[in-house]
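Everything numeric here is computed off the predicted structure, so don't read it as measured data.
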Amino acid sequence: SKKAKSVSAADRVKQYPPGVLHSDGGKLFCTYCNVTVDHYRKSSVNRHLDSSTHQKRKVEIQSTTANDSLAKKQKTVTSLFQKSTENREAQNYKFLTDRDVCANIPLEKLDNKKLCEFLRRHVANGGVIPSSAQLRREYLPKVAECHKQEIMELIKRSGCLSVVTDKSTDSQDQYVLHILFVLQGLNGEDASDSKLKAVLADTMYLQAVNYNTISQAIVKCLNMPVDFNNISAFISDNATYMSKTYNQVLQGLLPNSVHLTCNAHMVVLANDIWRSNFPEVDKLIATVKKVFKYCLSRKLHFKEYLQSAVQVVGSNLRVKLPPEPVKTRWGSWYAATEYHAQYITFYPTFVEEEMEITPNTQVLKELKRLLDNSETLQVQLNLLTSYGKELVYLIKWFESCEIRVHQAYNKVVDLSEQHSGDAGIQNQRIKTFTEVTDKLTSYYNPDSSERTSRFTQPAHQFLKAVRVFDPLQVCMLNLDTLPLDSIPGFNRSCKTELECYQFHAKECNSELSLTTFWRFVEPCFSNIANVGKQYLSVIPKSVDAEQSISAYGQVFTAQR
């Protein structure tokens, strides 16, 4: 027969029933026999298919394999190497996409001509990196799916978790709800595993923000493989729709949970009393911020002036610009008061020099008017510097990821008692301390407070009772007056072990970590240990959600 040079192996496959022949690397293979056949001559193919060897092999394959397409197909060495190379390159491109996403590098940067030229010259195979559109289309969904699987594995290993939510708006004025899971920190084998880990579960866009939309979004997120009985807490802000969401929807779905509002945010609300009671200091901070915010040359002048002035007086102060406090950045206002308390003596001379350069600047005139009463400002700044550190420390303490829910109630109460006990100070300070104490009391002990507050800590009884799981505190607590019923799951079996646990806690080493203690005593007090491990890992703040919103704002900008 003649040799058909224009017929390829793939063309010859189409001339026979499906599953009989297949091609790979330009070669024609018999699917049943896994041998090559001359595809140039059809007679050779027919001769092989009619042979007894082929017929016997076909019967064997069909008797053991229900579908002919499942039969193992022979491949050429060239195609195997090519497939292996493609798989390796696909893994590299997936890794590149994952690293860019983690480092917040836009994929469009890979399309830059200069960068492409650099990669082509100095990186092995750098000239074949796909475009950003291909990475986004083929590899970004795979990265997202891997990230989701990692989160699910963490949730599965953790057991109990807390749900943290907060909403914000993005650069396009869309309502965005961030839902985070805070995983349990008492399952580790050492103390280093006791930190609470927050992971972003979902970011949802809402048409409106109200009780209905928030409830639906949270329930939809929780429908992933999460056991509702293992959710220990729901943490949110003080918004009315958040409280309604928990009280009317989530409380029934999450029977073992408690509702907490962010303790750090409540302390910040109490700290605002200092700003309102010291308006001159607040005005000074705002005016100094305006003086330097939009004038680069004035910043340079101030640094030069401050450097020479510090050398003249022989001070050890650092030459640095005043901080720019932001209302949403907790503690920044107190950092500004500390700075101004140290540097206010240098302001009058600098302002006079600047007014000679720009005499009609309204903000300089306002600052000069405030500095005419610099002695009073100095006294107030020193006062705020002395007492404000405690409040800033408490805010930062609540922002920690350590297991600290059993100490939250004591921290707030100690701060209130210290403020109310200082009777030898001036009337303005007494008034401020009294108002801060009243506000914190209305948040954390609304029953004993004469003041009615719009916002309270819904878990104030829980925060008081959860101290029972701290072996260093349980010996000093009056268990008869402790509201143990506010801890979900603290049943009669736990109460029967309570007396023995309290006696055992007296003998424990004070340097023993909480994680180590409960791991050792779990066989003795299994009921209390199971409840304690679940609720000691409740995170008493929503700072992680605030940080998630900040990260979201850095990723999704108007340009992206």
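Between Gln473 and Gln407, the closest side-chain pair of non-hydrogen atoms falls below 4.5 Å. Annotation: side chain of Thr337 is in contact with side chain of Val281 (closest heavy-atom distance under 4.5 Å). Ile218 places a side-chain heavy atom less than 4.5 Å from the side chain of Ile179. The shortest side-chain heavy-atom distance between Leu463 and Asn263 falls under the 4.5 Å cut-off. The shortest distance between side-chain heavy atoms of Val249 and Lys244 does not fall below 4.5 Å. Taking 4.5 Å as the limit, every side-chain heavy atom of Glu280 sits out of range of all side-chain heavy atoms of Thr376. At a threshold of 4.5 Å between non-hydrogen side-chain atoms, the residues Ile487 and Phe469 count as touching. Within the 4.5 Å cutoff, side-chain heavy atoms of Val258 are placed close to those of Pro488.
At a threshold of 4.0 Å, the pair Arg369-Glu366 counts as salt-bridged, since one of the basic side-chain nitrogens sits closer than that to a carboxylate oxygen. Ion pairing between a basic and an acidic side chain is recognised when a charged N comes within 4.0 Å of a carboxylate O; Glu399 and Lys541 show no such pairing.
When Val538, Asn230, Ile231 are each tested for a side chain to side chain contact (heavy atoms under 4.5 Å, CB included) with Leu161, only one passes: Ile231. In summary, of the residues considered (Glu354, Glu304, Glu353), a salt bridge (charged side-chain N to carboxylate O under 4.0 Å, His left out) with Arg298 occurs for Glu354 alone. For the pairing with Asn210, the side chain to side chain contact (heavy atoms under 4.5 Å, CB included) check across Asn212, Leu206, Ile214 returns one residue only, Asn212.
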- Item | Derivation of the side-chain contact (heavy atoms from CB on, under 4.5 Å) call for Asp237 and Thr261 | CA-CA 5 Å; Asp237 55 17; Thr261 54; over 6 Å; no
- Task: Could you go through the side-chain hydrogen bond (donor to acceptor under 3.5 Å, both in side chains) check for His340 and Tyr347 one step at a time?
- Result: CA-CA 9 Å; His340 295 312; Tyr347 292 168; 2.7 Å; yes
- Task: Carefully, step by step, assess Asp282 and Trp274 under the rule side-chain hydrogen bond (donor to acceptor under 3.5 Å, both in side chains).
- Result: CA-CA 9 Å; Asp282 192 32; Trp274 285 92; over 6 Å; no
- Task: Give the C-alpha distance, both sets of side-chain angles, the deciding distance and a yes or no for side-chain contact (heavy atoms from CB on, under 4.5 Å) between Met355 and Thr361.
- Result: CA-CA 7 Å; Met355 293 186 69; Thr361 304; over 6 Å; no
- Item | CA sep, side-chain torsions, deciding dist, call: Phe234, His259, ring pair (Phe, Tyr, Trp, His ring centres under 6.0 Å) | CA-CA 5 Å; Phe234 174 70; His259 181 208; 5.4 Å; yes
- Determine, stepwise, if the pair Thr385 / Asn382 fulfils side-chain hydrogen bond (donor to acceptor under 3.5 Å, both in side chains). CA-CA 5 Å; Thr385 301; Asn382 292 337; 5.3 Å; no
- Using the side-chain contact (heavy atoms from CB on, under 4.5 Å) rule, take Lys197 and Leu154 through it: C-alpha gap first, then chi angles, then the decisive distance, then the call. CA-CA 10 Å; Lys197 181 178 179 60; Leu154 288 173; 3.8 Å; yes
- Output, in order, the C-alpha distance, side-chain angles, deciding distance and verdict of side-chain contact (heavy atoms from CB on, under 4.5 Å) for Leu196 and Ile403. CA-CA 7 Å; Leu196 303 173; Ile403 296 176; 4.1 Å; yes
- Working for ring pair (Phe, Tyr, Trp, His ring centres under 6.0 Å), residues Tyr339 and Trp333: CA-CA 10 Å; Tyr339 178 91; Trp333 191 81; over 10 Å; no
- Task: Would you check, one step at a time, whether the test side-chain hydrogen bond (donor to acceptor under 3.5 Å, both in side chains) holds for Ser257 with Tyr246?
- Result: CA-CA 10 Å; Ser257 66; Tyr246 180 80; 3.0 Å; yes
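Between the side chain of Ser548 and the backbone N or O of Asp544, no donor-acceptor pair lies under 3.5 Å. His265 places no side-chain N or O within 3.5 Å of a backbone atom of Cys262 that could act as its donor or acceptor partner.
With Trp397 as the aromatic partner, Lys411 meets the cation-pi criteria of under 6.0 angstrom to the ring centre and within 45 degrees of the ring axis.
Nearest approach of Ala336 to Pro325, heavy atoms of both residues: CB-CG, 4.1 Å. Contact record, Leu180 with Ala198: CD2-CB, 4.3 Å, taken as the closest heavy-atom pair. Taking each heavy atom of Arg318 and Leu306 in turn, the nearest pair found is O-CD2, 4.4 Å. Minimum interatomic distance between Ala208 and Thr213 (heavy atoms only, all atoms of both residues): O-OG1, 2.8 Å. Taking both residues in full, the closest heavy atoms of Ser236 and Met242 are given as OG-CB, 3.6 Å, listed atom of the first, atom of the second, then distance. Across all non-hydrogen atoms, the minimal contact from Leu514 to Pro471 is CD1-CD, 3.5 Å.
In the model, Tyr535 has no side-chain atom that pairs as donor or acceptor with a side-chain atom of Asn256 under 3.5 Å.
At most 12 heavy atoms of other shown residues, nucleotides or ligands fall within 6.0 angstrom of atom NZ in Lys368. Within 6.0 Å of NZ on Lys365 lie more than 12 heavy atoms contributed by other residues, nucleotides or ligands. The environment of Lys299 atom NZ is dense: over 12 non-hydrogen atoms of other residues, nucleotides or ligands sit within 6.0 angstrom. Crowding of Tyr241 atom OH: a count of heavy atoms from other residues, nucleotides or ligands under 6.0 Å exceeding 12.
Atoms CG and CD, on Leu440 and Gln457 in that order, are 11.5 Å from each other to the nearest 0.5 Å. The line from CG of Leu370 to CG of Asn373 is 9.0 Å long, rounded to the nearest 0.5 Å.
Between Phe302 and Tyr305, the two ring planes are tilted [angle within 30° to 60°]. The aromatic rings of Phe517 and Tyr501 are tilted relative to each other, their planes meeting at an angle between 30° and 60°. Using the six-membered ring where Trp is involved, Phe350 and Phe292 have ring planes that are parallel, under 30° apart on the 30 and 60° scheme.
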